[in-house]
*Asks:* 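Have a look at the structure that comes next, please.
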Amino acid sequence: MKNTLALALAVCLPASLAAFFTLAPGAARAEGKMTAGEAPAAGKNMLWNGAFDAEHLRPWSVMFDSPRFGSAAVAGGELCFKLAEPSVHPVDVVLRQRPLAIAKGHHYQIRLKAHATAPTKVRARLSKISAPYTELWSAIVDADATAKTSTGTFDGTADDDSVELAIELGGPLTGKVPLTVCLDDVALNDPEFEPPTPQARPATAVRVNQVGYLPQFAKIATVATKTATPVEWQLLDKGGKVRASGKTRPFGEDKSSGETVQQIDFSSVTAAGKGYKLKVGKDESLPFEIGNDVYRRLKHDALAFFYLQRSGVPIKMPYAGSKAYERPAGHPGDKSVPCSKEAKCDYSLDVSGGWYDAGDHGKYLVNGGYTVWALQDELEALTKFGSTAGDFGDGKLSIPEGKNGKPDLLDEARFGLEALLKMQVPAGKPMAGMVHQKMHGDKWSAIPTAPDKDDIKRYLRPVSTAATLNLAGAAAQAARLWKTLDPAFSQRCLNAAETAYAAAQKNPKIAAEPKVEGGGIYGDGDTGDEFYWAATELYITTGKENYKDDLLKSRFHAPKAGVETAAGELNWDHLAPAAKMSLVAAPNGLGDAGIAAVRAQLIAAADRFLGFIAKRGYRVPMASDLTYIWGSNSQVMDAAIVMGTAYNLTHDAKYANGVIDCMDYLLGRNPLAFSYVAGYGTHALRNPHHRVWAHMKDPKLPEAPPGSVSGGPNSTLQDPYIRKLGMSGCPPETCYVDNTDSYSTNEVAINWNASLAWMAAFLDDVAHKK
Ligand SMILES: [Ca+2]
Ligand SMILES: [Ca+2]
Ligand SMILES: [Ca+2]
């Protein structure tokens, strides 16, 4: 599953939908009925907090179209609406819980208890939460001074994970105002509903990076507390002795976490040690280390992910790290994969090898292109700015290419790149030089599915401009890195890149194909940045004037593009920052003034991220504190890469500290006190959405391997599992569950691990440079 829908769906949620619900009572498209009487509950309640016994209303939301119409509050274990003035439409006063997942063939029972100070009506309904907002069921209930329970039934006729239960009280439903109507014990019961396990409560209110902090850089923890004034903190060593103390720094309300927080800055502590804890009042943090080597292992483990994702080769010890990850070679049929009908071609290609993209078994050019760039840039940047590039040399990673005389990091990047090269349309065929957007099965395989046992037919999907430019960029960059190491491969990469670039220029507007079964879209509405990036990599590698002209002409090169689009917001579909990072890392002919402008843009983009960090209680570089999209952790990591590059250019510690803030968040300084990186931290990722690392589904299978990173919180809750969890309205940093079924919050992916690897290598490098 892919994060391509995130932006489209993220905008559909809570804005006023009143305009769409102007039905008078009786005009509903699927009128049902509810009968008063004490009919027993049939099945388990899918709604959360339907008894209104919590302090808060979550995950319900209440909307009054105008504050004049009244107000609502939880009191005495009920939710009471004070209706002050007549309103116009039933939906002018509405209570809703969303999103809910309705299953085909399930028999639902809707129940609610109501009473009111004067006769009035409420209207319960089940409806779709996106256009055309179809009502699946509705019924009107009379309320008066006697509390009555009413029940109705509804049969699911289709699977639908975008449904709400709403209760309307306004307009013609409302009796003589003012009146108060109270609701309780609202239920949507389903005998087949298995209540999922909620996200575990955070272990402690004192949230730290559970791995550790670097002695010479910032050390910040966040404390969730209702106290507004500074409170004392203590740093305890392993033996419980107080090694430092101070006062917290009040921060205030933090919308991203839904908490009031304070921060602890213990940067002045530089003494190395393991088993430190921070203590505030009675609350102790999870343990952590202070030391220069806290990222030594992670920088290699984050790359070990790629070996385990390899397709077409057996995964074996010693490279697998543990026998639990061994498996036979996956998808031997990838040696000859035919065109899909939509691809309109007549050949089969050998697209074996490469990495599986994520928890699924597809191969996707655009995500592969970013990933190869990030791995190659890691080495180019370390070589130019750092001192630890040698840690990725021959024999330094645990891979089969450990004795081939070539840097292992390049070997791993090449393993992915080789499969991308195979996706290019052969010479002599229509669209020659263009590149297939992706290849995958014609339906989704189950979880778990062993890659060697997957018998779903796989096809080449149509070509796209973005895929073609991704191959051009990644292969052009590879051509310079392999130039002396393997001149023949270098030349092959360069030929493929130049051919691809020319083909993309001829076919500049071929979009990714629309959604089909069995794979994600990875659509990209703007390939201007891909053209810019591909031209830039080709220029750096070849020095040819035509590429230089193209890159200089690009709107992504000029400052007028805006710093966020020109040099920030790095992602698989936004590669302008990648172009600029290559320009500062690799020698090229742009000249001092040209490079100075590029440097200035990268630094300005990093400054923008530092600005966001200062505004967030958990110090993440997120522009929004309302919406965290699918794969939100990748936004944190990709901002970190830009800040790391700014540090490389300036040696100003604030940028390295920005990268540290990002890593601290990933490794536990977050409202869940959870490390999104498996094997790192006391409470860490275990159950990603993955077809092999699916221990939760089959105890014989392994959990996530150490160093794999989850996509993380997704406030739009885009999978049925998390929609069952009653998390609607969750503060964005809490919209997450470590469960194999929650593909929209807990998948792993090659691009995300490439970014993590870059960050970890950077931090380990700066730790040893100081
Ligand atoms: Ca109650
Ligand atoms: Ca090697
Ligand atoms: Ca793009």
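We count ligands from 1, going down the list as the structure has it; atoms in each ligand are counted the same way.
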*Asks:* Could you tell me whether the Ca ion (ligand 1) has an N, O or S atom of D184 under 3.0 Å away?
*Replies:* yes
*Asks:* My understanding is that only residues two or more places apart in sequence, or in another chain, count here; which of them pass salt bridge (Lys or Arg N to Asp or Glu O under 4.0 Å) with E537?
*Replies:* R480
*Asks:* What protein N/O/S atoms are there under 3.0 Å from the Ca ion (ligand 3), waters excluded?
*Replies:* D524 OD1, D524 OD2, D526 O, D529 OD1, D529 OD2, E530 OE1, E530 OE2, D573 O
*Asks:* Any carboxylate oxygen within less than 4.0 angstrom of a Lys/Arg side-chain nitrogen, looking at D391 and K299?
*Replies:* yes
*Asks:* Taking NZ, NE, NH1 and NH2 as the nitrogens, is one of them in K396 or D411 under 4.0 Å from a carboxylate oxygen of the other?
*Replies:* no
*Asks:* Does the ring centre of Y522 sit less than 6.0 Å away from the ring centre of W572?
*Replies:* yes
*Asks:* Using a distance threshold of 3.0 Å, state whether an N, O or S atom of A51 lies below it from the Ca ion (ligand 1).
*Replies:* yes
*Asks:* Output yes if G76 passes the N/O/S-under-3.0 Å test against the Ca ion (ligand 1); output no otherwise.
*Replies:* no
*Asks:* One pair to check against ring pair (Phe, Tyr, Trp, His ring centres under 6.0 Å): F531 and F556. What are the steps and the verdict?
*Replies:* CA-CA 10 Å; F531 270 107; F556 289 94; over 10 Å; no
*Asks:* Please determine if E168 and K121 form a salt bridge, counting it only when a charged side-chain N lies under 4.0 Å from a carboxylate O.
*Replies:* no
*Asks:* Can you sort out the partners of D144 under side chain to side chain donor-acceptor pair (under 3.5 Å), two or more places apart, ordered by chain and number?
*Replies:* K148
*Asks:* Tally of protein N/O/S atoms under 3.0 Å from the Ca ion (ligand 2)?
*Replies:* 6
*Asks:* Check for me whether R96 meets the cation-pi criterion with W60, that is, NZ or CZ under 6.0 Å from the six-membered ring centre and within 45 degrees of the ring axis.
*Replies:* no
*Asks:* Just by modelled atom types, is the D550 backbone N or O under 3.5 Å from a matching donor or acceptor in the S554 side chain?
*Replies:* no
*Asks:* Establish, yes or no, whether a centroid distance under 6.0 Å links the rings of F415 and Y307.
*Replies:* no
*Asks:* State the atom name: nearest N, O or S atom of D53 to the Ca ion (ligand 1).
*Replies:* OD1
*Asks:* If the threshold is 4.0 Å, N to carboxylate O, is there a salt bridge linking E412 and R310?
*Replies:* yes
